[in-house]
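As the structure is a prediction and not an experimental result, all values here were calculated from the model. Per chain, numbering begins at 1; letters A, B, ... match sequence-line order. Heavy-atom basis, side chains included; hydrogens, waters and symmetry copies ignored.
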Amino acid sequence: MKTSLRSLLAEKIAEIVNAIAAREGLGYQVGRIRIDYPPEYNLGHYASPVAMELSKVFRKPPRQIAEAIREGLLTDKQASQLISAVDIAGPGFLNITLQVAALSMVVRQKFSISRWLDMVFPIRQEPKTIVEFVSANPTGPLNIVSARAAAVGDSLCRILRRAGIPVHSEYYVNDYGNQVRLLGMSFAYRYAELQGHEICLPENAYQGEYIREVLQQILADESIPPELAPPERGSDLASWAEKAGEFFAPRGIARLVASQKSDLQSFRIHFDTFFHESTLHPAAVEAAFEKLKNLGALYEQEGAWFLASSRYGDDKDRVVIRSDGRPTYLMADIAYHLTKVDRGFSRIVDIWGPDHHGYIARLKGAMQAAGFLDARKQNSFEVLIVQQVNLLEEGKPVVMSKRLGRFQTMRDLTNRIPVDVCRYFFVTRGVSTHLDFDLEIATTQSNRNPVYYIQYAHARIHSIFRQAGIDFDSFEAELSGLEEYLSGDYRDELLYFTLRLPEEIEDIARNYEMQSLAEWLHQTATLFSKFYAQKERNNIVKTLKENPAEGRALLAIAAVTAQALAEGLSLLGIEAPREMTRDDAGEGS
RNA sequence: GCGCCCGUAGCUCAGUUGGAUAGAGCGCAUGACUACGAAUCAUGAGGUCGGAGGUUCGACUCCUUCCGGGCGCGCCA
């Protein structure tokens, strides 16, 4: 089967609708057929509201259209093999119930979730995609919003990749410009302080304690050239600091970036590349400028060059070259994004922090001006804004100020909360919601966290295999001929739900709503727990002894569930342990 | 002032691009281990979906307006 059950049904319904339209003499072709899930399992496996949507086009009552589609499905040779019933409910919902045999058609010889996903995806020719995320300034440790963006971006990449989409993940390092100068200067002042100077840090310097720590690392690794020794005590340090800063800045950035990379690594975040802004200057920036200028997207005014972004929906035009000739950050960012185009990516996804939303219009404007978003090209450029995380400590907000060095770092977070818990927490919420993270509650509740519930279900299945003395990895789930054992006691419900994984992945590849995968994992684990709690009928070890055929069916259900849970967890960068250690458990329960 | 995001159960959040009786976790109440792990299962209490209008077969979802919270509106990055 080269498609999910849902897509197959959607195709069939589309055929049927088009046939009806032709019969009625309407020159109408349906677009995407929406197929959802009924609110309750006993209503069916799939539900579609198409009949209601088509009511206007066909000028007929929804139920009448639904009836025609029902006829079509039941008389279609391929579809009728899968379907056991089509009910029309409420105002015109089509509720489709599949046959149990549909399960054994999917779970055939050598079946595994992983092989199945490999078969299903890619569903169509997929565009080369680049996802840029985190991209924090290399002037300090990563903060908690970066942690959220990292979890979101990395999970998205894993999911897109699983959907067969060629994905490249990238971190844009802003190692150029004014802030780099300020960073170097900050090191210089701290260095002077070490040399016995009374210093008064300029207000715009980075004040965090980490500046001192990184400075120590630099000093431990290399000696400072004598000509950079601080001037006489009491004299003004400003011009000296400027010069010495040029020495410290690149060294400091290298170490800060390394430290960020190590934070990301411990959060299981993978980047294919780190792209340094400094490599764009000057050649790529100049080339981008020339390109936009030749396309007529720029104009000169009062000695500066402006991008006419208001033509493309921005509130106003934006400066790209200052009147002193230096390019702005926007100009460099345009150059950077044009490299994405040059590198062959036709789908560009950026994940930005909450303070950048005002920036979307101008960058999109630039990409439009550059011809990337030409309607005929089918390219896309999407920006996801990850909203802020309010860090609370016992219900009170933790005040954050990066400049003053008072802020919660990603490291603080991961030191206190296990990575599995953090990553699950971050993707369970939609990216656009502001969310509160109470460290105190997160710490105490992490013991009762939903992520452990999912992992527990997974570990339990492996425990069953250990009890049964069957090797999980070489076991091959196979349901052909075992249909009679697949009904009731949550058996079919669990299997159907589990086999929806490709549909989840397919949806997320389109809408980026990753919280639905977290939800799916939780529901799958819940169904397994219910299945497992049917101790009379679903005791696998016992059934294997009493009725081997039925035992194999139950074992296959469990195996497929474990595979799907492991696969889903890994898509969120969460581990799927085969045993849970008691240390992780809540004590007071 | 303008723009973007958010407002759903006591708390933290889902709600499938307008669909069926608005859901989950935590917390609370009650019950279930001599059977593959009780980190579990079963049952229950808890909602004027921020307020008010509008659009239609149908609105938590779309539009208008108001209220409340957050963030942006540099020739900074």
When A/Asp324 and A/Asp507 are each assigned the nearest nucleotide of RNA chain B, the 5'-most assignment goes to A/Asp507
Taking atom P in both B/rA24 and B/rG46, compute the distance separating them and give it to the nearest angstrom. 15 Å
Decide whether a cation-pi geometry holds between A/Arg500 and A/Tyr37; the criteria are a distance under 6.0 Å from NZ or CZ to the six-membered ring centre and an angle within 45° of the ring axis. yes
Can you find a side-chain donor-acceptor pair between A/Glu277 and A/Tyr329 that sits under 3.5 Å? no
So is A/Arg460 actually on top of A/Tyr532's ring, under 6.0 Å and inside 45° of the axis? yes
Protein-proximity profile, nucleotides 20-26 of chain B, B/S/- by nucleotide at the 4.0 Å heavy-atom cutoff, equals BB--SSS
In the structure shown, which nucleotide is the Watson-Crick or G-U wobble counterpart of B/rU61, with both distances under 3.5 Å? none
Under 4.0 Å between a side-chain N or O of A/Lys316 and OP1 or OP2 of B/rC2? no
Mind telling me if B/rC33 is syn or anti? Syn here is a glycosidic angle within 90° of 0. syn
Rounded to whole angstrom, note down the C1' distance from B/rU64 over to B/rA59. 15 Å
Taking OP1 and OP2 of B/rA77, is either one under 4.0 Å from a side-chain nitrogen or oxygen of A/Tyr329? no
Would you tell me if any nitrogen or oxygen in the side chain of A/Lys535 comes within less than 4.0 Å of OP1 or OP2 on B/rC41? no
By the Watson-Crick or G-U definition, both distances under 3.5 Å, B/rG1 is matched with B/rC73
Taking any heavy-atom pair under 4.0 Å as a contact, classify A/Glu579: base, sugar-phosphate, or nothing. base
NA contact type, A/Ser463, heavy-atom cut-off 4.0 Å: base, sugar-phosphate, or nothing? base
Within the structure provided, determine whether A/Phe528 and A/Leu494 are in side-chain contact (heavy-atom separation under 4.5 Å). yes
Look at all strands and tell whether A/Ile360 reaches a base, only sugar-phosphate, or nothing, counting heavy atoms closer than 4.0 Å. nothing
For B/rA77, does OP1 or OP2 lie under 4.0 Å from any side-chain N or O of A/Tyr172? no
Taking OP1 and OP2 of B/rG74, is either one under 4.0 Å from a side-chain nitrogen or oxygen of A/Tyr359? no
Would you indicate what A/Ser323 reaches in the nucleic acid, counting non-hydrogen atoms under 4.0 angstrom: base, sugar-phosphate, or nothing? base
Test: A/Lys293 and A/Glu300 ion pair at under 4.0 Å: no
By nearest-nucleotide position on RNA chain B, the 5'-leaning member of A/Phe425 and A/Ala468 is A/Phe425
Does the side chain of A/Ser432 get closer than 4.0 angstrom to OP1 or OP2 of B/rC6 through an N or O atom? yes
Base-pairing assignment for B/rU21 (Watson-Crick or G-U wobble, both under 3.5 Å): none
Taking only the side-chain nitrogens and oxygens of A/Arg322, find out if one of them lies under 4.0 Å from OP1 or OP2 of B/rG74. no
If pairing means Watson-Crick or G-U wobble with both distances under 3.5 Å, then the partner of B/rC26 is B/rG10
Expressed as a whole number of Å, how far does the P atom of B/rA77 sit from that of B/rG15? 37 Å
Pair A/Arg578 + A/Asp473: basic N to acidic O under 4.0 Å: yes
I want to verify a distance call: between B/rU40, B/rC13, B/rA77, whose nearest atom is closest to the A/Asn174 side chain? B/rA77
Does NZ or CZ of A/Arg362 fall inside the cone over A/Tyr359's six-membered ring, less than 6.0 Å from its centre and within 45° of the axis? no
Regarding A/Phe465, tell me which of base, sugar-phosphate or nothing describes its non-hydrogen contacts under 4.0 Å with the strands shown. nothing
Reckon A/Thr581 has a side-chain N or O less than 4.0 Å from the OP1 or OP2 of B/rA39? no
Give one of base, sugar-phosphate or nothing for A/Gly92, where a contact means two heavy atoms less than 4.0 Å apart. nothing
Name the nucleic acid region contacted by A/Asn539, choosing base, sugar-phosphate or nothing; use a 4.0 angstrom heavy-atom cut-off, strictly under. base
Categorize A/Arg318 for me: base, sugar-phosphate, or nothing, with a 4.0 angstrom heavy-atom threshold over every strand shown. nothing
Indicate, with a heavy-atom threshold strictly under 4.0 Å, whether A/Gln523 touches base, sugar-phosphate, or nothing. nothing
Start with the C-alpha gap between A/Arg537 and A/Glu550, add the side-chain angles, then the distance that decides, and say whether salt bridge (Lys or Arg N to Asp or Glu O under 4.0 Å) holds. CA-CA 10 Å; A/Arg537 293 223 35 221; A/Glu550 184 172 8; 3.5 Å; yes
